Amino acid sequence: MDCNKRPENMQRITTIELANAFIDEQVELIRKQVGDKKVLLALSGGVDSSVVAALLIKAIGKQLVSVHVNHGLMRKGESEQVIEVFRNQLDANLVYIDATDRYLEKLKGVVAPETKRKIIGAEFIRIFEEEARKLEGIEFLAQGTIYPDIIESDGVKAHHNVGGLPEDLQFELVEPVKLLYKDEVRVVGYALGLPKAMVDRQPFPGPGLGVRCLGAITRDRLEALREADAILREEFDNCGLAKKVWQYFIAVPDMKSVGVKDGKRYEGWPAIIRAVNTIDAMSATVEEIPYEVLHKITDRITHEVEGINRVLYDLTPKPIGTIEWE
Ligand code: XMP
């Protein structure tokens, strides 16, 4: 039997009861596979790796070592949430690495989007490798591979999973959700008691805010982007759009325009709102955000975020625009 093929008769996990049955079965399988050995997991805080972490914690507790690398390109509050949920609430064996300085140093002056992506991906492997070498007795690597990753294998998520580790650092894989679709992973996440904000998270590119801070990344523009993005999310939560829109975020280009603040000339960057709906991310339509909401967001971002003096709304569907700006 091909263990990477979802059996025809496998029931779709749509209820907590079905999720609990899946969890019991996986806990059993994980214990059998791992025995008393240790497992390493790269915990990004995204839905898939979070669910895998929670599942493994249930199965083998502190034999799981989760490594969360904060590349400094996370959305506001996301690394804090990983620490709160996994270290404080689930008492996990969590290694937290703040690699912000290291990433920003490597990315200094780098403009080309694909180069930025490569640097971010390669640095992740390097940091993960360093941590893996520090730890003793690890024989397994857990990954949040899900079924679309297997059937599409189009490379979009390639850097999420820790492919690319050197030859002498190879582990046996533990991939408990690899036959599940995203909606099923979410139901399992709920059944495991993970917070809604974590389980319902929108898709977030592995390179994170790195591909939304357009052009060469600087600390101040990255910080402005993070704050503006947090305001957008807060306002979408307040007006109910958060539940409806598939993906929404801010991008900040590397250009300034003239504005006026407190009676003085104020040069600032524009914050560009992107809010799209899609089934498979191959094509996307733009959400019709009510003007009232747009005005509120504009007002808050221009008043609350240092360095931003305009707010624009991107009305371009995919195609011809991609969802991300780079
Ligand atoms: P585009 O911009 O190609 O994005 O229309 C389609 C979907 O993929 C996400 N995306 C990425 N996800 N690593 C990821 O894990 C990446 O490098 C990457 N680039 C784009 C994007 O957020 C959207 O959901």
Side-chain angles (χ1 to χ4, degrees), residues 13 16 18-20 22-27 29-30 34 38-71 73-99 124 127-128 131 140-150 156-162 173-209 233 237 242 246-247 249:
I13 301 170
I16 295 296
L18 289 170
N20 282 332
F22 172 84
I23 293 165
D24 291 343
E25 182 190 288
Q26 286 302 321
V27 163
L29 287 172
I30 292 165
V34 172
K38 283 192 197 152
V39 182
L40 189 61
L41 168 76
L43 178 59
S44 68
V47 184
D48 308 334
S49 67
S50 297
V51 168
V52 166
L55 200 48
L56 274 126
I57 290 165
K58 194 175 170 84
I60 55 167
K62 297 220 163 154
Q63 282 165 254
L64 174 73
V65 183
S66 300
V67 177
H68 177 66
V69 179
N70 177 359
H71 49 24
L73 307 167
M74 308 285 285
R75 288 181 136 176
K76 190 173 179 176
E78 284 186 328
S79 283
E80 291 81 354
Q81 186 186 47
V82 169
I83 294 173
E84 170 56 28
V85 171
F86 288 97
R87 186 177 285 165
N88 301 350
Q89 294 174 21
L90 297 178
D91 193 25
N93 203 343
L94 174 72
V95 180
Y96 171 72
I97 299 159
D98 183 352
F124 179 79
I127 292 174
F128 194 76
E131 288 311 310
F140 296 87
L141 181 71
Q143 296 203 133
T145 313
I146 66 171
Y147 203 44
D149 299 336
I150 293 177
V156 167
K157 278 186 92 176
H159 64 282
H160 268 191
N161 301 337
V162 198
L173 293 180
V174 183
E175 298 179 301
V177 299
K178 73 175 174 188
L179 295 184
L180 302 193
Y181 289 101
K182 194 81 170 188
D183 51 293
E184 298 179 285
V185 178
R186 291 194 208 273
V187 183
V188 171
Y190 282 130
L192 284 164
L194 288 174
K196 202 170 149 36
M198 195 167 245
V199 177
D200 282 345
R201 244 181 71 147
Q202 349 169 20
F204 186 58
L209 299 183
R233 282 195 290 157
D237 273 334
W246 194 81
Q247 193 173 19
F249 57 86

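Since this is a predicted model, take the numbers as computed values, not measurements.
Considering only heavy atoms from C-beta on, F204 stays 4.5 Å or farther from S44 through its side chain. Taking the side chain as every heavy atom from C-beta outward, L55 and I23 approach each other to under 4.5 Å. Between I127 and I97 there is a side-chain heavy-atom pair separated by less than 4.5 Å. Counting heavy atoms from C-beta outward, Q202 and R75 have side chains that approach closer than 4.5 Å.
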Margin query: Between Q143 and V52, does the side-chain contact (heavy atoms from CB on, under 4.5 Å) criterion hold? Intermediate values first, please.
Written below: CA-CA 7 Å; Q143 296 203 133; V52 166; over 6 Å; no

Checklist line | Stepwise side-chain contact (heavy atoms from CB on, under 4.5 Å) check, L141 with V39 | finding: CA-CA 6 Å; L141 181 71; V39 182; over 6 Å; no

Note to self: For a side-chain contact (heavy atoms from CB on, under 4.5 Å) check, start with the C-alpha distance between D200 and Y190, then their side-chain angles and the critical distance, and finish with the verdict.
What the structure shows: CA-CA 9 Å; D200 282 345; Y190 282 130; 2.6 Å; yes

Margin query: Walk me through whether S79 and H68 qualify under side-chain hydrogen bond (donor to acceptor under 3.5 Å, both in side chains).
Written below: CA-CA 8 Å; S79 283; H68 177 66; 2.8 Å; yes

Next item on the list: List the steps, then state whether side-chain contact (heavy atoms from CB on, under 4.5 Å) holds for Y147 with L180.
Entry: CA-CA 5 Å; Y147 203 44; L180 302 193; 5.8 Å; no

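Here E84 contributes atom CD and L90 contributes atom CG; the two are 9.5 Å apart, rounded to the nearest 0.5 Å. Annotation: the span from M198 atom CE to F86 atom CZ amounts to 4.5 Å, rounded to 0.5 Å. In this structure, CG on N70 lies 4.0 Å from OH on Y96, to the nearest 0.5 angstrom. Note that CG of L40 is 12.5 Å distant from CZ of F140, once rounded to the nearest 0.5 Å. The distance from atom CG of L56 to atom CG of L41, rounded to the nearest 0.5 Å, is 7.0 Å. Note that the CD atom of Q81 and the CG atom of N88 stand 12.0 Å from one another [nearest 0.5 Å].
Of the charged side-chain nitrogens involved, none lies within less than 4.0 Å of a carboxylate oxygen, so that D149 and K178 do not count as a salt-bridged pair.
Across all their heavy atoms, V188 and A19 have their closest contact at CA-CB, 4.0 Å. Here the closest heavy-atom approach between residue I57 and residue L64 is recorded as CG1-CD2, 3.9 Å. When all heavy atoms of L209 and M74 are compared, the closest pair comes out as CD1-O, 3.2 Å. R201 approaches E78 most closely through the heavy-atom pair NH1-OE2, 3.0 Å. Closest non-hydrogen pair, E184 versus I13, comes out as OE2-N, 2.8 Å. Residue S50 comes nearest to L194 through the heavy atom pair O-CD1, 3.7 Å, listed as atom of the first residue, atom of the second, then distance.
Without hydrogens or angle criteria, R233 side chain to K76 main chain gives a donor-acceptor distance under 3.5 Å. One N or O on the side chain of N93 and one on the backbone of K62 form a donor-acceptor pair closer than 3.5 Å. Judged by distance alone, the side chain of E175 and the main-chain N or O of A142 form no donor-acceptor pair under 3.5 Å. Checked by atom type and distance alone, the side chain of R87 pairs as donor or acceptor with a backbone atom of L94 at under 3.5 Å.
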